[in-house]
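All values reported here derive from a predicted model rather than from experimental measurement. Here is the naming used below: chain letters follow the sequence lines, and residue numbers restart at 1 for every chain.
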2 protein chains.
Amino acid sequence: MSQISIGTFNVNSVNARMPILERFLTSEEAPEILCLQETKCRDEMFPEDLFKELGYHSLFKGMKSYNGVAVISKIEPDEVEFGLNDGAVEPDKEESENARVVFAKFGDLNILNTYIPQGKEIDHPDYQYKLRFFQRVRQLFERKLTPKEKLLWLGDLNVAPTDFDVTNPKNKKNHVCFHADVKNAFAEVMSWGFVDIFRKHLPNDGEYSYWDYRVKDAFTRNIGWRIDHIIGTEIMAESSKKVWVERSLRAMERPSDHTAVIASFKV
Amino acid sequence: MSQISIGTFNVNSVNARMPILERFLTSEEAPEILCLQETKCRDEMFPEDLFKELGYHSLFKGMKSYNGVAVISKIEPDEVEFGLNDGAVEPDKEESENARVVFAKFGDLNILNTYIPQGKEIDHPDYQYKLRFFQRVRQLFERKLTPKEKLLWLGDLNVAPTDFDVTNPKNKKNHVCFHADVKNAFAEVMSWGFVDIFRKHLPNDGEYSYWDYRVKDAFTRNIGWRIDHIIGTEIMAESSKKVWVERSLRAMERPSDHTAVIASFKV
DNA sequence: GCGTACCCAG
DNA sequence: CTGGGTACGC
């Protein structure tokens, strides 16, 4: 019986965040597998060699300026797939969807790392695209797996599912990450057969993963959002031992606006 | 009999260079008067308060993005004047000329700090403007002073007067800072009654003040230019005791492409 | 290469 | 506020 820890971290530029990642990945808390979002670099710019020196294999798909996902892991994955691959992708969205979704299989453990579109505003076409994106993620799960399998869904899902997940729920009813429709779209995916593993271990309020740079002293005042998630099938929830928010990363010099969320499992 | 040291430093943004300026101005080598060029900030943005805390009075004239001159001094000047004020300024050049030339009088010591136009290319109209700029600087001296007075001319003059002043003179014949015409234009100003005080004390080659960021390892390989000058009337040359290039500033973190050049005088 | 400035995005 | 892009100057 051994332990494995798996996490998610929206880095807001993987290259800008290397000093923080280097410290984190050489610390006691370093996870075996870490899902990254918003790497914000083309594949040629991805710091694969630096991760290799830290003992991590990298899979990544990026683009110029926006989006970009990666999975770095001490063990090599057996299978990898980028994008939703459902035939529903519009031609101009292909690049960004590949830079938002990565599936990786490590033995019998399936991992989906997603950076869900933010949606801009409630009446913007991107918000409808976001709602459809959740549907398509559910369809991906239906197509590839069953709820009986070992599956984790991690990433920046750009949704705070409950009032406990934001500092001030009252003034966020029309926010694209808190509106009823996006909560429902998220709940529809969850109902396929998922458990919110973060909430299983950290049921209290005030547990956030993102603090807006634009809100003055948001981090020290703990004005934040829980939009980075660790979700899994029942079997994964049962084997989960602990979840923690690695707040130290958000307190370092030049931090991302998000921090890492990690779960440990017994295997 | 006491000592005063006076220098010139093209800072390539005064705000970007404050960490370096703070260290320099609190060190043993801190000059009593320092002429700055390329401050690159509008007057509202000039860090007057920071210099005040360091014990320096500031005079400055800047503009958005480009140019900008300042004189910071432990003693307050008695007279100040910006620009060439010869009635020859074209309307669209008025702002930049005021941000290129500052005259200051400290007792009987006259100081002209200039940031001479670079000139872009030998066949560009800006190069002819540069040559005329030197003429107009000479006319300013003729109008205001005589070679018998105490006068220093400092600044980034964008001219390397001799083969000793660049690393590879052969491939620079058509450079706007090394072409025969610009050397002549500079020599014309010198002939009014100036001594090259830098060269009086540092006659050897390899003494530069500017190392191009774009030349790989230019500073460590000492591939540079002497384009920042300390020039004075005979009486100033006679009272000069020492000149040094403050290379430490170019070796610090996030340096300017230039470094400071300082002269000490007995008064 | 390293400074500006201005744009976009979250 | 802090990323990334562009353009421009030296």
Checklist entry - Could you walk me through whether B:Ile231 and B:Val189 pass the side chain to side chain contact (heavy atoms under 4.5 Å, CB included) check? => result CA-CA 11 Å; B:Ile231 287 160; B:Val189 191; over 6 Å; no
Item to check | Selection residues 247-256 of chain A - residue pairs positive for salt bridge (charged side-chain N to carboxylate O under 4.0 Å, His left out), sequence neighbours left out | outcome: none
Checklist outcome for this item: One should read off an interatomic distance between B:Asp156 CG and B:Ile227 CD1, to the nearest 0.5 angstrom, of 4.5 Å
Item to check | Atom pair CZ (B:Phe24) and CD1 (B:Ile262), whose distance is rounded to the nearest 0.5 Å | outcome: 4.0 Å
Next on the checklist: Could you work out, with ring pair (Phe, Tyr, Trp, His ring centres under 6.0 Å) as the rule, every residue matching A:Tyr127, not counting sequence neighbours?
Outcome noted: A:His179
Next on the checklist: Nearest whole Å is fine: how far is C:dG1 P from B:Trp225 CH2?
Outcome noted: 18 Å
Checklist outcome for this item: B:Lys216 NZ to C:dC2 P, in whole Å, measures 11 Å
Checklist entry - Which pairs pass side-chain hydrogen bond (donor to acceptor under 3.5 Å, both in side chains) with one or both residues in residues 162-178 of chain A, sequence neighbours excluded? => result A:Thr162-A:Asp165, A:Asp165-A:Arg199, A:Asp165-A:Arg226, A:Thr167-A:Tyr208
Checklist entry - Can you pull the side-chain hydrogen bond (donor to acceptor under 3.5 Å, both in side chains) pairs that have at least one residue in residues 112-121 of chain A, sequence neighbours excluded? => result A:Gln37-A:Asn113, A:Glu38-A:Tyr115, A:Thr114-A:Trp153, A:Lys120-A:Asp126
Next on the checklist: One character per nucleotide, please: for nucleotides 4-10 of chain C, 5' to 3', B when the base has a protein heavy atom closer than 4.0 Å, S when only the sugar-phosphate does, - otherwise.
Outcome noted: SSS--SB
Checklist entry - When the ring planes of B:His258 and B:Tyr210 are compared, do they come out parallel, tilted or perpendicular, using 30° and 60° as the limits? => result tilted
Checklist entry - Which is the 5'-most and which the 3'-most nucleotide of DNA chain D that has an atom under 4.0 Å from a heavy atom of chain A? => result D:dC1 to D:dT6
